[in-house]
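Input: a single structure, listed below in structure tokens.
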Amino acid sequence: LIFYLLPQSSRTARSEEDQDSLWDAWGSWSECSRTCGGGASYSLRRCLSSKICEGRNIRYRTCSNVDCPPEAGDFRAQQCSAHNDVKYQGQFYEWLPVSNDPDNPCSLKCQARGAALVVELAPKVLDGTRCYTESLDMCISGLCQIVGCDRQLGSTVKEDNCGVCNGDGSTCRMVRGQYKSQLSANKLDDTVVAIPYGSRQIRLVLKGPDHLYLETKTLQGVKSENSLSSTGSFLMDNSSIDFQKFPEKEILRISGPLTADFTVKIRYAGAADSSVQFIFYQPIIHRWRETDFFPCSASCGGGYQLTSAECFDLRSNRVVADQYCHYYPENIKPKPKLQECNLDPCPASDGYKQIMPYDLYHPLPRWESTPWTACSSSCGGGIQSRSVSCVEEDIQGHISPVEEWKCMYTPKMPVVQPCNIFDCPKWLAQEWSPCTVTCGQGLRYRVVLCIDHRGMHTGGCSPKTKPHIKEECIVPTPCYKPKEKLPVEAKLPWYKQAQELEEGAVVSEEPSFIPEAWSTCSVTCGVGSQVRLVKCQVLLSFSQSVADLPIDECEGPKPVSQRACYSGPCSGEATEYMPEETELLYGSLQEFDELYDWEYEGFTACSESCGGGVQEAVVTCLNRQTRETADETLCITSRRPPQLLKACSLDPCPAR
């Protein structure tokens, strides 16, 4: 057979091909090879010459391009099952289809249930059988023919991501996101994402010990649930679902469109955190729809009538308030159309009434509104209102209010609308840091950010609901040094207790104050001042970048941004107040697990009462457990801290 792919009504193409030939007219179309799901029909013609006629004697077209009911089953599977009552090599088998053969997709290959036996039961499948499960291409006379989404042979037209044939993708929007589990003692499961009716190309990947499960709700309110307990493909509310289960990983795919609202949930199964990445295309269910023309503005003598646009809910098939369509920036409201009407002269008038273009000379009355009031809530949904009145503009451009009935040719604008319907900011906790100790009991930290509905870091979250940023942790490695009974914050080395030698902090995954370097002293001798900039910063673990945060996001006291400095006496004497400063700043840290150690215990009284003086740090030997003063000989194994001075009594002395 020779394939001739030609539209049914293309008589022009036929006459051009048949010129100077001896073909008979095309015969009628055959019965369709299928009653649903897309089949094929053919038409034949006869060569009237004793010689060979140029051209083709058969042509095909698609037919029965309506979806089959779910209970109809797969067409290829039906052809395999037709051989169940025929013995193969002396034995009966239950045959299952083998699809997507890359070498010969149009042969009927079947596999015996429960066995590895695969047999080609027919060299050709019936016309209209899909070449591949995920394609509209169909087998005709044993050959795979291209079929576009318009169900036409030879067409290369494709569906867009929204499922619209030859569409531009404007009727849906891509939704992409990530969920991270936050374990709680009184919480066994949580919602990952709600996927609305009509969504397509859904893919979710879970990594971690927890498990996914599904809940659905049809438009009629019928609810169902699937625990996704094992790998496989199955139907749920007429939506085909493919689920794969691996150790520490689960993958969920749904091609769609969904025939119900799906809610993907997570059931906690272990102490470790899990993450879920998801992506799908969500239909824009509220769209503008142009109305019919409103009644004519005059019963005779010439008038005008306009169209309008109304917001239509595709799920409920009803008109809703305009703000639902304004929510989608992809939606562009159609402009009204204007046409003349009732042009016959009025009975009482003599002659024809001239019609002037309304938009240049005499505009129709129209609705005008005041600006919307401020929203009653900054997030989570509020209400705002405005006043709407009917006005008329005369030829001179003067606007005056008129009765409302004059504007009823178009719907009155709403006076109340919802606003700020996006979710309020909420806390998002990042992953925990490693434990602060390598053995025994310590602490671990995490970054907790306030995230708005766009996923941006912001403020506005309630401090009362903020998740804790640190918690105790236990490393199951025995410690061989005495440790304190309770987990404590790592104590700062003794040299950090002195303000003058404060070491620069390092940005971490916990919001913390990060001071910059001190400026040089404002004077070259005597007592002056230094300044520095202090920021609240955090290290973003996922991008390894540093982000500036609002000051109130950092806990604890903010480091000072100004301090006094002493540059030595102005008399020129060389006095060294910090003999070991270089070693103190850059030397290695001491072990602080010893029983006795040196610590600073405040400063002496100021050497001057005004005009600038100095105070000397007092160093004592302390028992680190009892915090009592000990004999200095007990601290002989520890390095004695250097002498430290700080400026004091900086106010000028009163004039004498």
| message | Under the side chain to side chain contact (heavy atoms under 4.5 Å, CB included) test against Ile254, which residue among Phe243, Phe262, Phe280 passes? | response | Phe262
| request: Report the relative orientation of the aromatic rings in Trp432 and His468; use parallel for angles under 30°, tilted for 30 to 60°, perpendicular for over 60°. | output: tilted
| said: Between Asp242 and Ser233 (side chain of the first, backbone of the second, donor and acceptor by atom type, cut-off under 3.5 Å), is there such a pair? | reply: no
| What class does the angle between the rings of Trp288 and His326 fall in, given that below 30° is parallel, 30 to 60° is tilted and above 60° is perpendicular? | perpendicular
| Test item: side-chain donor near acceptor, Ser170 and Asp168, under 3.5 Å | yes
| message | I want to check something: taking the side chain as every heavy atom from C-beta on, are Asp292 and Thr307 in contact at a cut-off of under 4.5 Å? | response | no
| request: List in chain and number order the residues that pass side chain to side chain donor-acceptor pair (under 3.5 Å) with Tyr42, two or more places apart in sequence or in another chain; answer none if no residue qualifies. | output: none
Let me have the donor-acceptor pairs involving side chains of residues 378-385, under 3.5 Å, with sequence neighbours excluded, atom names and distances please.
unit_1, atom_1, unit_2, atom_2, d
Gln384, OE1, Gln417, NE2, 2.7
Gln384, NE2, Thr373, O, 2.8

| More than 12 foreign heavy atoms under 6.0 Å from NZ of Lys217: is that the case here? | no
| task | Check whether any side-chain heavy atom of Leu117 sits under 4.5 Å from a side-chain heavy atom of Tyr88, and report yes or no. | result | yes
| Crowding at NZ, Lys426 (>12 non-hydrogen neighbours, <6.0 Å) | no
| field | Sequence neighbours excluded - side chain to side chain donor-acceptor pair (under 3.5 Å) pairs with any residue from residues 76-87 | value | Gln79-Thr129
| Are the side chain of Ser135 and the backbone N or O of Tyr132 linked by a donor-acceptor pair below 3.5 Å? | no
| field | Residue from Arg203, Lys245, Lys207 passing salt bridge (charged side-chain N to carboxylate O under 4.0 Å, His left out) with Glu250 | value | Lys245
| request: Start with the C-alpha gap between His453 and Asp423, add the side-chain angles, then the distance that decides, and say whether side-chain hydrogen bond (donor to acceptor under 3.5 Å, both in side chains) holds. | output: CA-CA 6 Å; His453 65 286; Asp423 294 335; over 6 Å; no
| task | Report the residue from Leu314, Val164, Ile285 that forms a side chain to side chain contact (heavy atoms under 4.5 Å, CB included) with Thr171. | result | Val164
